[in-house]
Peer 1: 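Here it is, the structure, as structure tokens.
Note: hydrogens, waters and symmetry copies are ignored here, and every other heavy atom, side chains too, is used. Order of listing sets the numbers, starting from 1, for every ligand and every atom in it.
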Amino acid sequence: MKLTPVEYYRKVFSLLEQHHRWFQESIPLIASENVPSPAVREAIISDFGNRYAEGFPKERVYAGCRFIDEVEILCMEMARRLFDAEYADVRPVSGVNANIAVYTAFTQPNDIMMSLSIAAGGHISFGKKQFSGTAGSVKNLEVEYFPFNYEDMNIDVEATKEKILGRVKTNQPLPKLVMFGGSVLPFPHPVKELAKLFHDYGMTICYDAAHVAGLIAGGQFQDPLKEGADVMTISTHKTLFGPQGGAILSKEMYAETLKKAVFPATVSNHHLHHVAGKAVAFAEMLEFGKDYAEQVVENAQTLAKELYSRGFNVLGRKNGFTRSHVLIVDVSEIAYGSEIERRLEDSNIILNRNLLPYDIKYGRHYDTTGGIRIGVQECTRLGMKAEEMKQIAEFIQRVVLRNEDPEHIRAEVADFRRRFQKVHYAFETATEAYKYIRVRS
Ligand code: DSN
């Protein structure tokens, strides 16, 4: 039976409130998410979200931008400081959008881009046309994969050099753009080891720091722009704890090209409320980023060790499991990643299945992955440290290895979560992290 308009209306709010309650009682471990501060939440419900400001501050094609311009200028200034970059563009509305702008700036249709495959940690925006990936489908790029070393969980430097020099020797076309980074990035990528070779052959180097932006800003991960990348794209809501969005950082020499590639090429209006939210989050990162990022990496390493010691096959052992916020666990001997994801969700432990670099070889695909991916940045923002990582590892062990009843675990998880309801690493934290804020009445 169809709902009446008012029933639809009430249903939406009821679902929103249920979602908030659920997250108050759950352990959030999705590596691409975070919880913004009450201050960021306040900024993103401001009237900025109802306005238009196409173009660059002070060069708008709309009136009414007096205060919007000021906020965007502050936002760009803080982004440049956070990433020690000469140019910052805070207009991309997502990481994919930022990558499309980079493809627009530095490639032509049918050019080659080198990046990680999705199974090896690349993002869907690096994907080939045959898989409906953005680079292939939207920009008609040919995608060549970086050779990957499973044991190191990283790009294979020597094999990459051979691949490029082999193409030179046999007169095959070379990539125009090289994309480091991606969606599974436990270890720094070999930017400094490969930058000279790529530059010698005229390639532009981009680094997709969507996942690790908050760790770079906090000085706890590689600094791609210093190591030889020409441009870096980020998300503003993963390890960086702002509102959902993207941004581009680069050297000044690319500023004009990128500026046009963003507007008018790939962004019309750029979600001005989120620019305000980004500005607030950037101020928080400038103040608290170092402590936060240190704790994120420490927590990820603790959780990895705890899971490993409980019998989980955490990848990257040779290199200490992780140097970022993320860990990858091979669960293929237990069940498909999707089954583990569901069992954990039933227990209010929220993470996602993930392809392993070797899954395709074994005929596994997105629904039958051999792996799960775990990120600790949101729990860290809630104030969790080593003791809590041990507790989370124990919960995961009881659900996945001991098949304990999800109902019991759910109750214990809710109890565990009671002490962690506030956001940390922020100037003002009185409002609880997942409090549902009623504005309409
Ligand atoms: N697909 C997202 C992730 O979870 O990594 C990034 O866009």
Peer 1: How about Lys390 and Thr302: does a side-chain donor come under 3.5 Å of a side-chain acceptor?
Peer 2: no

Peer 1: Looking only at protein heavy atoms, identify the closest one to atom 4 (O) of ligand 1 and say how far it is in Å.
Peer 2: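 That would be Arg373 NH2, 2.6 Å.
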
Peer 1: Going by distance alone, is a donor N or O of one side chain under 3.5 Å from an acceptor N or O of the other, for Asp359 and Thr369?
Peer 2: no

Peer 1: With heavy-atom distances below 4.0 Å as the criterion, list the atoms of ligand 1 near Ser183.
Peer 2: 5 (O)

Peer 1: Within ligand 1, which atoms have a heavy atom of Lys238 less than 4.0 Å away?
Peer 2: 6 (C), 7 (O)

Peer 1: I need the atoms of ligand 1 closer than 4.0 Å to a non-hydrogen atom of Ser32, numbered in the order shown.
Peer 2: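 Matching atoms, with element in brackets: 3 (C), 4 (O), 5 (O).
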
Peer 1: For residues Tyr207 and Gln222, is any side-chain donor paired with an opposing acceptor at under 3.5 Å?
Peer 2: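 There is such a pair between these side chains.
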
Peer 1: When rounded to the nearest 0.5 angstrom, what is the spacing between CD1 in Ile100 and OG in Ser125?
Peer 2: 7.5 Å

Peer 1: Does the ring of Tyr145 carry Lys128 above it, NZ/CZ under 6.0 angstrom from centre and within 45° of its axis?
Peer 2: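 Yes.
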
Peer 1: What is the closest protein heavy atom to atom 7 (O) of ligand 1, and at what distance does it sit?
Peer 2: His123 NE2, 2.8 Å

Peer 1: For ligand 1, which atoms sit closer than 4.0 Å to a heavy atom of His211?
Peer 2: 3 (C), 5 (O)

